[in-house]
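Here the structure is laid out as structure tokens; the discussion comes afterwards.
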There are 2 protein chains.
Amino acid sequence: MGGLATVNTGTEAPRRTRIQQEKRELILEAALEVFSTNGFRGSTIDQIAEAAGMSKPNLLYYFRRKEDIHETLMQRLLDTWLAPLRELDDIGDPMTELRSYIRRKLEMARDFPRESRLFANEILQGAPRIMPLLAGELKTLVDEKAAVIKGWMRAGKIARTDPWHLIFSIWATTQHYADFDVQVRAVLGPNRGGDGRFEDAARFLEQLFLDGLKPKG
Amino acid sequence: MGGLATVNTGTEAPRRTRIQQEKRELILEAALEVFSTNGFRGSTIDQIAEAAGMSKPNLLYYFRRKEDIHETLMQRLLDTWLAPLRELDDIGDPMTELRSYIRRKLEMARDFPRESRLFANEILQGAPRIMPLLAGELKTLVDEKAAVIKGWMRAGKIARTDPWHLIFSIWATTQHYADFDVQVRAVLGPNRGGDGRFEDAARFLEQLFLDGLKPKG
DNA sequence: CTAACGTTTGTCCAATCGGTCAAAAATTTG
DNA sequence: CAAATTTTTGACCGATTGGACAAACGTTAG
């Protein structure tokens, strides 16, 4: 007889066997691949199951509903995704801090493009599943860091601007290389669009955020 | 009896009656709304038909397949979407030209957010339907404008950087306010996230691209 | 009026969807 | 070993999907 609801209690304590750990991980990896390229509604359980190398009922033994997979994925994502911003620290040289924040975000776009696209998909569709997190946890964190940046501006360490839009512009420019990767590569062509494109981007962004475009007097 | 295939010949000349013109326009408007928030696979013909105020078979009388609607939408989009870049002109002050390009792109993000999201959805999913356009028409245009920008750099009118990544950064920062609008508003909150957010963004971006963040000596 | 043509809809269909279930297979436990 | 438990699967279900079709309806030209 089937050993049923002991696995996906969801809210309860996750007492899991070794196999359950491994298989759940396998499913999440496959789901990340599928969800990030097709969106939630555009992805099917069959696709995920096939990518994970198992049958659909077997997948549903580990995750009761399609939404549970997506939810688990999103929860994990947000933690690692905001880590670079959390590291933005009041101690240390402001310009250096910002530069390394940009570098870290660009590295994440390079190393975890699927996670970036998963997030972008969710936001594009109106963030129906993570809206509370955006208005809560995320807003709190950004407001906090905006205050730090404002302190730097008052101290004359960096130019005075809108800290919130500064953070947006860092998000936009770095995540662009993950979310719009196909377009970036198509436009750059085989030569400039190769592996070196992230170093080119890093150099450009560093200069942009440091000096802007005005020619050196 | 039905007056059949005279409407959706697709490749042939579009000899259309007044009603056909109007209804097709109605459908495209509804489809833009639906596709831009749900993606292609996530949208259903029924949704579009309902949004257009007609029955599904009636919609399919004007567009034979779901894909035909999407294709028509994308074709129109690309023309208007790239118009600002086409206007980027060699005559005139380079810094002014770039500034007004950024302003125009930001206005498009404000006035046509659905178009921006439709495009973002397509790229996110690997641009399966417009890849040839990216590697062809788009690349040609960008290469051409990159050459113009390079000329400005050689003439010492703007700082030397990578013109392609400069264009990417303008796309990213401006379209961010359409594609990630939900997140932007959630983070800014009711006060700063109101209608004034685009003016704040315009001010910030102007300063970023002009002077960067380095404090004024 | 009527014939021809353009428009609209109700009905239907095969394929696919998310998810269930019971039974088989594999594994762990004693 | 055998019993208990966990894991896997084939078969199945109702709902939804994109699309086909013929009949009904509306409009216009002769």
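Here is how names work: the chains are called A, B, and so on, in the same order as the sequence lines, proteins then strands, and each is numbered from 1.
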Between [X] ([atom1]) and [N] ([atom2]), how many Å, whole number?
| X | N | atom1 | atom2 | result |
| --- | --- | --- | --- | --- |
| A:M54 | C:dG19 | CE | P | 16 Å |
| A:R65 | C:dT20 | CZ | P | 9 Å |
| B:E71 | D:dG18 | CD | P | 17 Å |
| B:I45 | C:dC12 | CD1 | P | 20 Å |
| A:Q21 | D:dT7 | CD | P | 11 Å |
| B:I27 | C:dT7 | CD1 | P | 11 Å |
| A:I48 | C:dG19 | CD1 | P | 10 Å |
| B:Q47 | D:dT16 | CD | C1' | 11 Å |

Listed once per pair and sorted, the ring-ring contact (aromatic ring centres under 6.0 Å, His included) pairs that draw on residues 181-207 of chain A, sequence neighbours left out
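Not a single pair qualifies under ring-ring contact (aromatic ring centres under 6.0 Å, His included).
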
Relative to the 5' end of DNA chain C, which residue comes earlier, A:P57 or A:D46, by the nucleotide with the nearest heavy atom?
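So the residue in question is A:D46.
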
Is the NZ or CZ atom of B:R129 positioned over B:F40's six-membered ring, under 6.0 angstrom from the centre and within 45° of the axis?
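Yes.
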
Do B:R114 and B:F35 come close enough that some side-chain heavy atom pair is under 4.5 Å?
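No. Closest side-chain heavy atoms not under 4.5 Å.
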
Cut-off 3.5 Å, side chains only: do A:W152 and A:D90 have a donor facing an acceptor?
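A:W152 vs A:D90: donor-acceptor pair found between side chains.
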
N/O (side chain, [X]) to phosphate O (OP1/OP2, [N]) under 4.0 Å:
| X | N | value |
| --- | --- | --- |
| A:Y61 | D:dT7 | yes |
| B:Y62 | C:dT8 | yes |
| B:N58 | C:dT9 | yes |
| A:K23 | D:dT8 | yes |
| B:Q20 | C:dG6 | no |

Salt-bridge contact B:K105-B:E87 (side-chain N to carboxylate O under 4.0 Å):
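The answer is no: the pair does not qualify as a salt bridge.
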
With a 4.0 Å cut-off on N to O distance, would you call B:R117 and B:D179 a salt bridge?
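Judged by the 4.0 Å cut-off on N to carboxylate O distance, B:R117 and B:D179 do not form a salt bridge.
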
Holding to side-chain contact (heavy atoms from CB on, under 4.5 Å), I want the full list of residues that pass it with A:R197, two or more places apart in sequence or in another chain.
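Result, side-chain contact (heavy atoms from CB on, under 4.5 Å) vs A:R197: A:D181, A:V184, A:R185, A:L188.
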
Between A:G53 and B:T44, who's closer to the 5' end of DNA chain D by nearest nucleotide?
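By nearest-heavy-atom nucleotide position, the 5'-most residue is A:G53.
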
base_contact_polar (D:dG19 base, B:K66 side chain, donor-acceptor, <3.5 Å)
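Result: no qualifying N/O pair found.
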
Looking at residues 35-43 of chain B, who's got a heavy atom less than 4.0 Å off DNA chain C?
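Listed by number, they are B:R41.
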
